[in-house]
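Bear in mind that the values here come from a model prediction, so they are computed numbers and not experimental data.
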Amino acid sequence: MASDVGEQRPKYQRIADDLKAAIESGEYGPGDRLPGESALATRYEVAALTARQALKILRIEGLVETKKGAGARVIEFRPIRRHGIQRLAREQWGAGKSIWSADEERPVTIDVRVDTVAAPRHIARMLDVDEDELVCARSRRFVLDDRPVMLATSYLPLDLAENTAIMSVDTGEGGTYARLAEIGHAPAHFREEIRCRLPVAEEAKGLAMPLERPVIKLCRSAFDASLRAVEVNEMTMDTAAYVLEYAFDA
């Protein structure tokens, strides 16, 4: 039965599956060039267009990169392993470390923009402020190994952020959470919601990725000891760039 189902799959999908299996087994390593359209068409006795569709699937899934005249090569990028719980521990940002450093030792470039904006309706609800009330918005674009991997915007109540380093591009050691702790609103509880969907055009452009590849939409709320929401962080992550890891005791 399984074989029958496999035979019903489109030819380009079966070719893509074979190539993915070869990549996963190590037959093709990072930087290796895959067989071209003509070679695949001959090997599988299909049209060149069918072979092209197979390679397109691998590109959409983030396994290969294609350059005109150079064919398809296995991507050398090593995915980020995001430690969902350890990265938010007070021992991390409380010691002056960045949250990012809990996940990665590779240097990251972060483009930061800080604005005062009217709170979008859903953000106002989550921060428990009036709709259109002004809030601090910290927008960031994370680039690792010359590859954009995440877009993020943090929203914070203006009465907490105003006249603090939170309104600066560089918030200092320990980042925003350390600055919140200094004014008596240290994060004591977090909640994260995760879903996946296809990117809108602006997201795909910001992450330099195909519109056909899904993104991870992760929304984190931070609460102080009195359970006041002190930050809502909306993140858009390239699914091909991340592994989400959650380790905790039973």
Side-chain angles (χ1 to χ4, degrees), residues 20 23 29-34 55-84 86-88 92-93 97-115 117 120 123 136-156 166 168-171 175-177 192-220 222 231-246:
K20 281 189 282 187
I23 292 171
D32 286 349
R33 183 173 177 175
L34 296 184
L55 293 172
K56 181 180 179 181
I57 289 176
L58 300 188
R59 182 180 64 84
I60 290 173
E61 293 186 9
L63 295 174
V64 305
E65 57 184 353
T66 55
K67 294 182 180 179
K68 193 171 183 179
R73 293 183 183 276
V74 180
I75 282 182
E76 297 185 65
F77 182 82
R78 174 166 52 87
I80 302 156
R81 188 166 290 274
R82 182 184 187 274
H83 303 286
Q86 299 93 320
R87 69 199 310 271
L88 297 175
Q92 184 73 17
W93 48 266
K97 302 176 183 177
S98 70
I99 289 178
W100 178 272
S101 66
D103 302 328
E104 270 296 334
E105 295 180 353
R106 288 174 286 179
V108 62
T109 299
I110 308 175
D111 300 320
V112 183
R113 188 182 72 248
V114 184
D115 300 297
V117 302
I123 295 296
C136 169
R138 296 184 53 83
S139 301
R140 287 96 67 208
R141 181 174 184 258
F142 294 76
V143 179
L144 182 68
D145 293 345
D146 297 321
R147 172 176 175 166
V149 294
M150 180 171 68
L151 308 173
T153 300
S154 291
Y155 299 92
L156 300 99
I166 293 171
S168 302
V169 169
D170 184 357
T171 54
T176 297
Y177 293 160
E192 290 191 341
E193 299 176 352
I194 302 172
R195 59 192 176 94
C196 293
R197 64 160 170 75
L198 292 177
V200 299
E202 185 177 0
E203 292 168 339
K205 181 180 179 181
L207 291 171
M209 60 179 281
L211 280 165
E212 301 94 333
R213 184 191 303 159
V215 291
I216 299 169
K217 298 293 291 185
L218 195 154
C219 181
R220 180 176 69 240
E231 179 211 36
V232 175
N233 187 357
E234 293 190 315
M235 292 159 267
T236 303
M237 307 154 72
D238 182 349
T239 49
Y242 274 90
V243 173
L244 306 187
E245 179 179 298
Y246 294 88

Is any side-chain heavy atom of V232 less than 4.5 Å from a side-chain heavy atom of C219?
-> yes
Residue pair R78 / D145, side-chain heavy-atom distance below 4.5 Å = no
Report the C-alpha separation of I166 and C136 in whole Å, then their side-chain angles, then the decisive distance to 0.1 Å, and conclude whether the side chain to side chain contact (heavy atoms under 4.5 Å, CB included) test is met.
-> CA-CA 8 Å; I166 293 171; C136 169; 4.2 Å; yes
Min side-chain heavy-atom separation V112-T171 under 4.5 Å | no
Do E203 and R197 sit within salt-bridge range, that is, some charged N less than 4.0 Å from a carboxylate O?
-> yes
Can you tell me how far CG of L211 sits from CD1 of I60, rounded to the nearest 0.5 angstrom?
-> 10.0 Å
Out of curiosity, T153 OG1 to R141 CZ, how far, rounded to the nearest 0.5 Å?
-> 13.0 Å
May I ask you to establish whether R106 and F77 are in a cation-pi arrangement, using a distance under 6.0 Å from NZ or CZ to the six-membered ring centre and at most 45° from the ring axis?
-> yes
Please confirm whether the backbone N or O of S98 pairs with a side-chain atom of Q92, one donor and one acceptor, at under 3.5 Å?
-> yes
Tell me, yes or no, whether the heavy-atom count around K217 atom NZ, taken from other residues, nucleotides or ligands under 6.0 Å, exceeds 12.
-> yes
Do M237 and I80 come close enough that some side-chain heavy atom pair is under 4.5 Å?
-> no
Parallel under 30°, tilted from 30 to 60°, perpendicular over 60°: which one fits the rings of W100 and F142?
-> parallel
Answer yes or no: is there a donor N or O on one side and an acceptor on the other, between the side chain of R140 and the main chain of R138, under 3.5 Å?
-> yes
Donor-acceptor under 3.5 Å (D238 side chain, A240 main chain) = yes
Counting distance only, does the side-chain N/O of R81 pair as donor-acceptor with the main-chain N or O of E245 below 3.5 Å?
-> no
Would you give the length of the straight line joining atom CG of L198 to atom CZ of R213, rounded to the nearest 0.5 angstrom?
-> 11.5 Å
Check: V108 and V149 side chains under 4.5 Å, non-hydrogen atoms | no
Whether R82 side chain and L244 backbone form a donor-acceptor pair below 3.5 Å | no
Sorted by chain and number, sequence neighbours left out, salt bridge (Lys or Arg N to Asp or Glu O under 4.0 Å) with K20 holds for D17, E61
Does R87 come within less than 4.0 Å of E192, counting only side-chain N to carboxylate O?
-> no
Step by step, would you call V74 with L63 a side chain to side chain contact (heavy atoms under 4.5 Å, CB included)?
-> CA-CA 6 Å; V74 180; L63 295 174; over 6 Å; no
